[in-house]
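Chain letters run A, B, ... following the sequence lines, proteins first and then strands; every chain starts at 1. Side-chain atoms are counted along with the backbone in the values below, which use heavy atoms only and exclude waters and symmetry mates.
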Amino acid sequence: MSDNKKIVTRIAPSPTGDPHVGTVYVGLFNYALAKQNGGTFILRVEDTDRERFNETSEGRILDMMDWLGLNPDESPAAGGANPPYRQSERLDVYTEYAAKLFETGHLYASFMTDEELDALRTEQRQRKAPFLGYDGRERDIPLEEAKARIAAGEPHVLRLRTPEDGETTFRDELRGDVTIANSETRDGVMIKKDGYPTYHFANVVDDHLMGVTHVMRAEEWVTSTPIHVILYNAFGWEIPKFIHLPLLRNPDSNKSKISKRKVDTSVENYRKMGILPEALLNYLGTMGWSMPTGEEFFNLEEMIEAFDYSRISLGGPVFDMKKLRHFNATYMREKLDLETLADRAAPFLIEAGLSWDDEDYYLDVIEVMTERVETLQDFPDKAAYFFTDEFEYEEQALKKIKGGQKYLQDLEREFAQLDSFDYDTVNDMVRGYIQNQSVKMGEVMQPLRAAVTGTGATPDLIDVVSLLDRDRVVSRIGRALTMMTEALPDDNPELHAKAEKEAKEKAEKERLAQEEAKKEAGRKAAEQRAKEKGDNGEDK
RNA sequence: GGCCCGUUCGACUAGCGGUUAGGUCUCCACUCUUUCACAGUGGCAACACGAGUUCGAAUCUCGUACGGGUCACCA
């Protein structure tokens, strides 16, 4: 970072499945590093594995980046100075560069079949060889002979000739010098039998051609970095800076690399559950990195401004859904203004089949719900009663309604007579009524809440009632009341079960009371006896 | 198993030779209160272990333990 050269970073996702949260993580850091210095951020699609290739994946990855606001300067969609950005379209490039190294002997042809390779492995296993795998036995086939066999159409791969002894050292900007014995890096395949390059080869060629200055990628690549270094040297190219990011971890006991089985790794799923892109980005930004100020909440711009990869910590951070939700809730409550939040929430409500006519009403609902939601999906989940009469009554709510029928009857009448239904009017009426009845607030409020919303968890009830407006409130109270009188236990299984439970509880209570009475009687008897005893002498 | 990397509260982290080891999430308690929340206050809770260097070590060195990664014609 100290040199003045323009920084170029990249992410290189493989289009093999659902857009992965790990891609966003690495993407975010690469984006921040590039953007800080007016550099270039590239998205290159590494689709060299035709087995795992997934047709929809690339588009979805691009959508994800767009949703997050992590827009690449160069990509298959955006184009750029060094196209194409899809490796499957760069085969001629790899072929050309592979040919160069083939000529110089850095690459050599290997003609062994899969079966032969398997046989080799089995044989090594039996003999308890120090390592399993290709042993470089075709290194010394003369170049001309190899060419002839290739020309004859013999299937082959191109392998990298790695030094037999010595070691390769590279500098990781976070870890310092990392040295790995060359005996550890085998003669890996660079060009596959199908003519496609492997990751290592395509990656090095593309990074060089695209001018990548900082290779910031996941830690899992550390041990194969010597291969890349050997390649850069073989080409005589400048070696970029390597920055290996810690791996996101599962929240299990041993903290293995983040995986689909243990946590949701699909960014699309986070989007679906109503996580805001800002919150996801911010949360990911705190994984392994921190603001110098210690501030936990920061937006993309602020992260770019303050980003410094030397502040990255190396312990693998556990992906904690609870904390993500906390970030999300904070963003909904404090970072987004009401209109923006309302816009974001709307699709979730509509998706749930809910609708509204009055935009002011809608904004009021969102406002009043804001401090009790964590995700956008919480709006339809927790506030449906604002948009439809077709909501479920929770069992607890039914109980409350039953217990408060008298009050509900009164309130139904009182509400119906109200001319104005604004907050103060409703508030005055309800409070006045409660005072008249000389009961605790909850005695009246809870049945009312239950009747009007079907649930025990809502915003301030007066807010809810006045927002819902008179007709809806009155009719909902009426409906709740009717439900109580009409739904006899026999034709309502839920109520029936409830009635049974209540009967049991009542019986139990009675039993306890009886027991208590017995005890009491016993105590009294004992007291009496003691008294008598006292009377009979001792006392005096 | 070989090699590579890592290790501060349950989780995310601050710390970069001298701190009562700080903050955030979670959890608990209290306050507020018509429910649920929000908010506020308080609390539980950590330097993996052992040597060494040093007047002094969470910070430096070595070893051990533990964890992760990697050993493919996948990336």
| message | How long is the straight-line distance from CH2 of A:Trp221 back to CG of A:Asn203, given to the nearest 0.5 Å? | response | 7.5 Å
| task | Please evaluate the base of B:C38 for a donor-acceptor partner in the side chain of A:Arg333 within a cut-off of under 3.5 Å? | result | no
| note | The nucleotide from B:C5, B:C3, B:G67 with an atom nearest the side chain of A:Ile180 is B:C3
| request: Mark yes or no: A:Arg171 above the aromatic ring of A:Phe242, with NZ or CZ under 6.0 Å from the six-membered ring centre and no more than 45 degrees from the axis. | output: no
Listing time: all N or O pairs from protein to nucleotides 70-75 of chain B that are below 3.5 Å?
unit_1 : atom_1 : unit_2   : atom_2 : d
B:U70  : OP1    : A:Glu220 : OE1    : 3.4
B:U70  : OP1    : A:Lys257 : NZ     : 3.2
B:U70  : O4'    : A:Thr223 : OG1    : 3.4
B:U70  : O2'    : A:Thr223 : OG1    : 3.3
B:C71  : O2'    : A:Arg186 : NH1    : 3.3
B:C73  : O2     : A:Lys193 : N      : 2.8
B:C73  : N4     : A:Met112 : O      : 3.1
B:C74  : OP2    : A:Lys192 : NZ     : 2.9
B:C74  : O2'    : A:Asp49  : OD2    : 2.8
B:C74  : O2'    : A:Arg52  : NH2    : 3.3
B:C74  : O2     : A:Arg52  : NH2    : 3.4
B:A75  : OP1    : A:Thr48  : OG1    : 2.8
B:A75  : OP1    : A:Lys192 : NZ     : 2.7
B:A75  : OP2    : A:Tyr199 : N      : 3.2
B:A75  : O3'    : A:Ser14  : OG     : 2.9
B:A75  : O3'    : A:Glu46  : OE1    : 3.2
B:A75  : O2'    : A:Ser14  : OG     : 2.9

| query | B:A51 and B:A11: how far apart are their P atoms, nearest whole angstrom? | reply | 26 Å
| Candidate nucleotides B:A11, B:A37, B:U35, ranked by approach to the side chain of A:Glu371 - the nearest | B:A37
| message | If you apply the rule side chain to side chain donor-acceptor pair (under 3.5 Å), what do you find for A:Thr375 with A:Arg325, and how did you get there? | response | CA-CA 7 Å; A:Thr375 65; A:Arg325 292 179 74 92; 4.6 Å; no
| field | B:G69 - base-pair partner by Watson-Crick or wobble geometry, distances under 3.5 Å | value | B:C3
| request: Determine the Euclidean distance between corresponding C1' atoms of B:G15 and B:C9; express it in Å to zero decimal places. | output: 15 Å
| Partner nucleotide, any strand, of B:U24 [Watson-Crick/G-U, under 3.5 Å] | B:A11
| message | Which residues in residues 164-171 of chain A have a heavy atom closer than 4.0 Å to any atom of RNA chain B? | response | none
| Partner nucleotide, any strand, of B:U64 [Watson-Crick/G-U, under 3.5 Å] | B:A48
| task | For B:U53, give its Watson-Crick or G-U wobble partner with both distances under 3.5 Å, or none. | result | none
| Can you tell me the Watson-Crick or wobble partner of B:C30, both distances under 3.5 angstrom? | B:G40
| message | Can you tell me whether the side chain of A:Lys400 and the base of B:U35 have a donor-acceptor pair closer than 3.5 Å? | response | no
| task | For nucleotides B:C3 and B:U24, find the distance between their P atoms and express it as a whole number of Å. | result | 43 Å
| request: Report which part of the nucleic acid A:Pro246 touches: base, sugar-phosphate, or nothing (heavy-atom distance under 4.0 Å, all strands). | output: nothing
| request: Pick the C1' atom in B:A46 and in B:G23, then give their distance to the nearest Å. | output: 14 Å
| request: Taking the six-membered ring for Trp and the single ring otherwise, decide whether the centroids of A:Phe421 and A:Phe415 are under 6.0 Å apart. | output: yes
| Nearest 0.5 Å, what's the OG-CD distance between A:Ser183 and A:Glu167? | 9.5 Å
| task | Would you mind telling me which of B:C4, B:A11, B:G68 lies closest to the side-chain atoms of A:Lys323? | result | B:A11
| task | Determine the Euclidean distance between corresponding C1' atoms of B:C66 and B:C49; express it in Å to zero decimal places. | result | 10 Å
| request: Quick one: pull up NE2 in A:His156 and CD1 in A:Ile191 and give me the separation to the nearest 0.5 Å. | output: 9.0 Å
| query | Short question: side chain of A:Glu138, backbone of A:Ala109 - any donor-acceptor pair under 3.5 Å? | reply | no
| OP1 or OP2 of B:A11 under 4.0 Å from side-chain N/O of A:Lys255 | yes
| Residue closer to the 5' end of RNA chain B, A:Arg175 versus A:His326 (nearest nucleotide) | A:Arg175
| What nucleic acid atoms does A:Arg249 come within less than 4.0 Å of, heavy atoms only: base, sugar-phosphate, or nothing? | sugar-phosphate
For residues 275-288 of chain A, which side-chain donor-acceptor pairs fall under 3.5 Å, sequence neighbours excluded?
unit_1   : atom_1 : unit_2   : atom_2 : d
A:Glu278 : OE1    : A:Arg344 : NH1    : 3.2
A:Glu278 : OE2    : A:Arg344 : NH2    : 2.6
A:Asn282 : OD1    : A:Phe298 : N      : 2.9
A:Asn282 : OD1    : A:Tyr331 : OH     : 2.6
A:Asn282 : ND2    : A:Glu296 : O      : 3.0
A:Tyr283 : OH     : A:Asp320 : N      : 2.8
A:Tyr283 : OH     : A:Asp320 : O      : 3.4
A:Thr286 : OG1    : A:Tyr283 : O      : 2.6

| task | Could you check whether the rings of A:His200 and A:His228 sit parallel, tilted or perpendicular, using 30° and 60° as the cut-offs? | result | tilted
| Rounding to the closest angstrom, what is the interatomic distance between B:C71 and B:U54 at atom P? | 44 Å
| said: Aromatic contact between A:Phe201 and A:Tyr199, with the criterion being ring centroids under 6.0 Å apart: yes or no? | reply: no
Restricting to nitrogen or oxygen on both sides, can you table the protein-nucleotides 27-30 of chain B pairs closer than 3.5 Å?
none

| Test item: A:Asp378 side-chain N/O and A:Asp381 main-chain N/O as donor-acceptor pair under 3.5 Å | no
| query | When the C1' atoms of B:G42 and B:C47 are considered, how many whole Å apart are they? | reply | 25 Å
| query | Does any N or O in the side chain of A:Gln405 come within less than 3.5 Å of the main-chain N or O of A:Lys402, such that one atom is a donor and the other an acceptor? | reply | yes
| query | Ignoring hydrogens and geometry, is there a side-chain-to-backbone donor-acceptor pair from A:Glu302 to A:Asn299 under 3.5 Å? | reply | yes
| field | Side-chain donor/acceptor of A:Asn30 to backbone N/O of A:Met216, under 3.5 Å | value | yes
| Within residues 285-298 of chain A: residues closer than 4.0 Å to RNA chain B (heavy atoms) | A:Thr286, A:Met287, A:Gly288, A:Ser290, A:Glu296
| field | Main-chain N/O of A:Arg333 paired with A:Thr370 side-chain donor or acceptor, under 3.5 Å | value | no
| said: Say we look at B:G52 and B:U59: how far apart would their C1' atoms be, to the nearest angstrom? | reply: 15 Å
| task | Can you figure out which of B:G68, B:C36, B:A11 approaches the side chain of A:Arg372 most closely? | result | B:C36
| Where the side chain of A:Asp177 meets the backbone of A:Thr169, is there a donor-acceptor pair that is under 3.5 Å apart? | no
| said: Would A:Arg249 and A:Phe319 count as a cation-pi pair here, with the cationic atom under 6.0 angstrom from the ring centre and within 45° of the axis? | reply: no
| query | If you look at every strand shown and take non-hydrogen atoms under 4.0 Å, does A:Leu461 touch a base, only sugar-phosphate, or nothing? | reply | base
| note | Between A:Ile462 and A:Ala181, the residue closer to the 5' end of RNA chain B by nearest nucleotide is A:Ala181
| NA contact type, A:Thr179, heavy-atom cut-off 4.0 Å: base, sugar-phosphate, or nothing? | sugar-phosphate
Contact list (N/O, under 3.5 angstrom) for nucleotides 42-48 of chain B vs protein:
none

| field | Result of checking A:Arg161, A:Arg159, A:Arg139 against A:Asp187 for salt bridge (charged side-chain N to carboxylate O under 4.0 Å, His left out) | value | A:Arg139
